[in-house]
Enquirer: 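If you scroll down you'll find the structure; I have some questions about it.
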Amino acid sequence: MSAVREAGARIAANIEQVIEGKHTAVLLGLAVLLAEGHLLIEDVPGVGKTKYAKALARSIDCSVRRVQFTPDLLPSDITGVSVYNSEERDFEFKPGPVFANIVVGDEINRASPKTQAALLECMEERQVTVDGVTYTLEAPFMVLATQNPIDMEGTYPLPEAQRDRFTARISMGYPDRGAEIAMLSEHAALDPLEGLRPVSDATEIRSLIGAVRQVFVSDAIKAYAVDLAEATRRASEVRLGASPRATLQLLRAAKAWAALTGREYVIPDDLQYLLSPVLGHRLLLTAEAHVSGRTTADLLGRIAHATPIPSAAGHGSR
């Protein structure tokens, strides 16, 4: 897995020319890409959500389309539309922005539920159906969506079915003092995105995804992943626990994380580290839990601490 680790380090270093002091968030985004998943970036305005999405897209030299989600956006504005061609006397399909390797959905919660739902088939099945005709989306395919959790006026919260389609949710957070000073020095006169050059391409990304699929997962690790998911379903503070899709996404992300660290096998630490990013946005807490100030991160931390690790799960041997 040295090739995955080296490529991941190269791409991460390139992204960090634009995003200062967010190494963990950058690596999590790469893990989601190599796990063939989708990423939801949720944070307050001005911390670099969209810039991070653009930097990742430019770093891997894949086709990129950005969609600014607004209340009047229609499903056909995303998937495409069939237009009548008078010369051919037939309908011709005009592909929408979803026909790209990286689709950046800015402020996804500002579009109507009908438009949000247009992404469901694309994200889950990697295909688009328009007027009864199905079109396959080219690999790699990743939706990078951003949303602002603070200013909720004029927004449509993502339904649980769509939140479950996102492999992970990350928050950029405010930079530390040193990183913010460096940003003021380096970015004040020139947008670093303008000079960012790709350090990978779609062919290499597909190769890396293939390598991640080969990462070994023992039966004990699989059982541990299920134990963690079941613990969320039994928790008294939760009214909606992790779905089986969530368990699968947790395992896929753990395989990518292991490969990015140079390992050919998944260990319990991988699952524990990714538990909050992968499961946190899928859980719905009870009203009592909200009133008492509990968060999904706190709950998942307790679950990770309390769930026994199978004795065989700590070994990478086959």
Enquirer: From D227 CG over to K222 NZ, what is the distance, rounded to the nearest 0.5 angstrom?
Expert: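 If I round to the nearest 0.5 Å, the distance is 14.5 Å.
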Enquirer: Report, one line per pair, each donor and acceptor closer than 3.5 Å where one atom sits in a side chain of residues 91-106; sequence neighbours left out.
Expert:
from: E92; atom 1: OE1; to: N85; atom 2: ND2; distance (Å): 3.0
from: N101; atom 1: OD1; to: S63; atom 2: N; distance (Å): 3.1
from: N101; atom 1: OD1; to: S63; atom 2: OG; distance (Å): 2.9
from: N101; atom 1: ND2; to: P140; atom 2: O; distance (Å): 2.8
from: D106; atom 1: OD1; to: T50; atom 2: OG1; distance (Å): 2.8
from: D106; atom 1: OD1; to: T146; atom 2: OG1; distance (Å): 2.7
from: D106; atom 1: OD2; to: T50; atom 2: OG1; distance (Å): 3.2
from: D106; atom 1: OD2; to: R66; atom 2: NH2; distance (Å): 2.7

Enquirer: Give the minimum heavy-atom separation between L39 and G29, together with the two atoms involved.
Expert: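 Taking every non-hydrogen atom into account, CD2-CA, 3.8 Å.
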Enquirer: Using side-chain heavy atoms (C-beta onward) and a distance below 4.5 Å, is L299 in contact with R294?
Expert: no
Enquirer: So, do D131 and V81 sit near enough that their side-chain heavy atoms are less than 4.5 Å apart?
Expert: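 Side-chain contact under 4.5 Å: no.
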Enquirer: Please collect all salt bridge (charged side-chain N to carboxylate O under 4.0 Å, His left out) contacts where either partner lies in residues 76-87, sequence neighbours excluded, each pair once.
Expert: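 Qualifying pairs: none.
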Enquirer: Hydrophobic clustering (ILVMFWY, side-chain heavy atoms < 4.5 Å, transitive) - are V226 and V266 grouped together?
Expert: no
Enquirer: Compare all side-chain heavy atoms of R163 with those of R282 and state whether any distance is below 4.5 angstrom.
Expert: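 SC-SC contact between R163 and R282 ruled out.
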Enquirer: I'd like to know whether R206 forms a salt bridge (charged side-chain N to carboxylate O under 4.0 Å, His left out) with E138, so could you lay out the CA-CA distance, the side-chain angles of the two residues, the decisive distance to 0.1 Å, and finally the verdict.
Expert: CA-CA 10 Å; R206 284 192 289 267; E138 182 185 355; 3.8 Å; yes
Enquirer: Go through the structure and list residues passing salt bridge (Lys or Arg N to Asp or Glu O under 4.0 Å) with E124, not counting sequence neighbours.
Expert: R165, R245
Enquirer: Distance only, no hydrogens: is a donor on one side chain within 3.5 Å (strictly under) of an acceptor on the other, for S243 and D164?
Expert: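 Note: S243 and D164 side chains meet the donor-acceptor criterion.
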Enquirer: Taking the side chain as every heavy atom from C-beta outward, state whether L196 and I15 have any pair of such atoms under 4.5 Å apart.
Expert: no
Enquirer: Hey, does F166 have a side-chain heavy atom less than 4.5 Å from the side chain of I108?
Expert: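 Side-chain contact under 4.5 Å: yes.
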Enquirer: Is the shortest heavy-atom distance from the side chain of K22 to the side chain of Y52 under 4.5 Å?
Expert: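 No, every pair of side-chain atoms sits at 4.5 Å or beyond.
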Enquirer: Say whether L208 and V26 are linked into one hydrophobic cluster, either directly or through other cluster members, by side-chain heavy-atom distances under 4.5 angstrom.
Expert: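 Yes.
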Enquirer: Using 0.5 Å steps for rounding, measure from the OG1 atom of T134 to the CG atom of L137.
Expert: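 Answer rounded to 0.5 Å: 10.5 Å.
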Enquirer: Less than 4.5 Å apart, side chain to side chain, heavy atoms only: is that true for R169 and Q147?
Expert: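 Counting from C-beta outward, R169 and Q147 never come under 4.5 Å.
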Enquirer: CG/L275 to CG/D270 distance, rounded to the nearest 0.5 angstrom?
Expert: 12.0 Å
Enquirer: Would you mind reporting whether L283 and L300 have side-chain heavy atoms less than 4.5 Å apart?
Expert: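 Result yes, sub-4.5 Å side-chain heavy-atom pair found.
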